[in-house]
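Have a look at the structure below, then the notes.
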Amino acid sequence: MRTILIVDDNKLNLATARTVLSKEYKVIPVMKGQQALTYLENGVCDLILLDIKMPEMDGFEVLNRIRGMEQCRSIPVIFLTADNDPETEARCFSEGAVDFITKPFVPEVMLSQISRVFEK
């Protein structure tokens with residue numbers, strides 16, 4: 001079973017994503033970027049769903065640090081965002097994300113986007 005690390009500071013978003021994904025994937029939910037980095041020091045995952053706007057450390061900084069970890073460089077990252085600004089979308093891709101999912105989540109869309117990443 002594939003493992004997905006979900007990083008979002010909103011408990012409802014984490015619960016929703018976990019409910020949608022836990023039928024097909026092992027889900028590791030964390031609420032802070034630092035928690036994700038700590039998990040990745042010893043844990044493994046096949047995909048990271050990463051919220052952009054979080055306190056303390058935003059998703060772009062978390063992604064930058066993940067890419068600095070040798071064992072994590074090739075893990076695909078999908079950004080989670082409520083922001084539908086084209087500049088944010090462009091930055092997601094330029095920072096190295098493979099896709100982004102808009103909030104609030106549409107379960108069928110989320111599952112489709114994740115399955116496309118795993119098909120590659």
Side-chain angles (χ1 to χ4, degrees):
M1 180 176 281
R2 294 181 189 255
T3 300
I4 299 176
L5 174 63
I6 306 173
V7 189
D8 197 310
D9 63 315
N10 182 297
K11 288 181 181 182
L12 180 60
N13 289 339
L14 276 180
T16 301
R18 187 177 200 172
T19 299
V20 170
L21 299 174
S22 63
K23 295 171 189 152
E24 295 184 40
Y25 305 102
K26 178 179 177 185
V27 177
I28 309 294
V30 298
M31 293 189 69
K32 296 181 179 183
Q34 188 57 54
Q35 290 173 320
L37 297 172
T38 300
Y39 171 81
L40 290 168
E41 287 174 5
N42 298 307
V44 295
C45 66
D46 300 293
L47 175 69
I48 300 169
L49 299 181
L50 181 57
D51 186 19
I52 293 176
K53 293 184 181 178
M54 297 184 292
E56 299 172 27
M57 186 184 326
D58 72 16
F60 294 115
E61 183 178 347
V62 174
L63 178 57
N64 186 44
R65 291 189 184 193
I66 289 170
R67 293 300 180 233
M69 302 169 76
E70 181 69 35
Q71 73 278 19
C72 299
R73 287 188 180 142
S74 63
I75 299 172
V77 172
I78 296 176
F79 273 121
L80 306 174
T81 183
D83 188 348
N84 60 2
D85 178 48
E87 288 180 26
T88 301
E89 181 180 343
R91 184 173 179 199
C92 288
F93 293 116
S94 70
E95 294 280 339
V98 296
D99 207 343
F100 70 96
I101 296 173
T102 55
K103 298 189 264 185
F105 308 125
V106 176
E108 295 80 11
V109 173
M110 175 184 268
L111 287 167
S112 175
Q113 288 174 277
I114 290 170
S115 68
R116 276 190 279 134
V117 170
F118 286 141
E119 289 172 1
K120 293 179 181 179

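All values reported here derive from a predicted model rather than from experimental measurement.
- L21 places a side-chain heavy atom less than 4.5 Å from the side chain of I6.
- A donor-acceptor pair is defined here as one N or O able to donate and one able to accept, closer than 3.5 Å; no such pair exists between the side chain of D9 and the backbone of K32.
- Around atom CZ of R18, no more than 12 heavy atoms belonging to other residues, nucleotides or ligands sit under 6.0 Å away.
- Between the side chain of T16 and the main chain of L12, a donor-acceptor pair closer than 3.5 Å is present.
- Ring geometry for F118 versus Y25: interplanar angle of 30 to 60°, hence tilted.
- Residues meeting the side-chain contact (heavy atoms from CB on, under 4.5 Å) test with R65, sequence neighbours left out: Q34, L37, M57, E61.
- The cluster map of Ile, Leu, Val, Met, Phe, Trp and Tyr, joined by side-chain heavy atoms under 4.5 Å apart, puts V20 and L80 in the same cluster.
- Separation of atoms CG (N13) and CE (M31) is listed at 9.5 Å; rounding is to 0.5 Å.
- In this structure, V77 is a member of the same hydrophobic cluster as M54, with clusters built from ILVMFWY side-chain heavy atoms closer than 4.5 Å.
- G68 and R73 make their closest contact through O-NH2, 4.0 Å (heavy atoms, listed as atom of the first residue, atom of the second, distance).
- Separating the CD1 atom in I75 from the CG atom in L40 is a distance of 5.5 Å, to the nearest 0.5 Å.
- At a threshold of 4.5 Å between non-hydrogen side-chain atoms, the residues V98 and F93 do not count as touching.
- With rounding to the nearest 0.5 angstrom, the CD1 atom of I66 is 12.0 Å from the OG atom of S74.
- Cluster annotation: F105 is connected to L14 through the hydrophobic network of ILVMFWY side chains, with a link wherever side-chain heavy atoms come within less than 4.5 Å.
- Here the straight-line distance linking atom NZ of K23 with atom CG of L111 works out to 8.5 Å at 0.5 Å rounding.
- If you run side-chain hydrogen bond (donor to acceptor under 3.5 Å, both in side chains) between K103 and each of T81, D51, D83, only D51 comes through.
- In this structure the side chain of R2 never reaches within 4.5 angstrom of the side chain of I114, judged on heavy atoms.
- Residue pairs that meet the ring-ring contact (aromatic ring centres under 6.0 Å, His included) test with at least one member in residues 51-92, sequence neighbours left out, are F60-F79.
- Using a 4.5 Å cut-off on side-chain heavy atoms (C-beta onward), V109 and T102 make no contact.
- Atom CG of residue L50 and atom CG of residue D58 lie 8.5 Å apart, to the nearest 0.5 angstrom.
- Y39 places a side-chain heavy atom less than 4.5 Å from the side chain of I28.
- I52 is listed as a side-chain neighbour of C92, based on a closest heavy-atom distance under 4.5 Å.
- Rounding to the nearest 0.5 Å places CG of L5 at 5.5 Å from CD1 of I48.
- Connection of M69 to V44 is not established within any shared hydrophobic cluster, with ILVMFWY side chains joined at heavy-atom distances below 4.5 Å, either directly or through further cluster members.
- A donor-acceptor pair under 3.5 Å is absent between the side-chain atoms of E95 and the main chain of N64, judged by distance alone.
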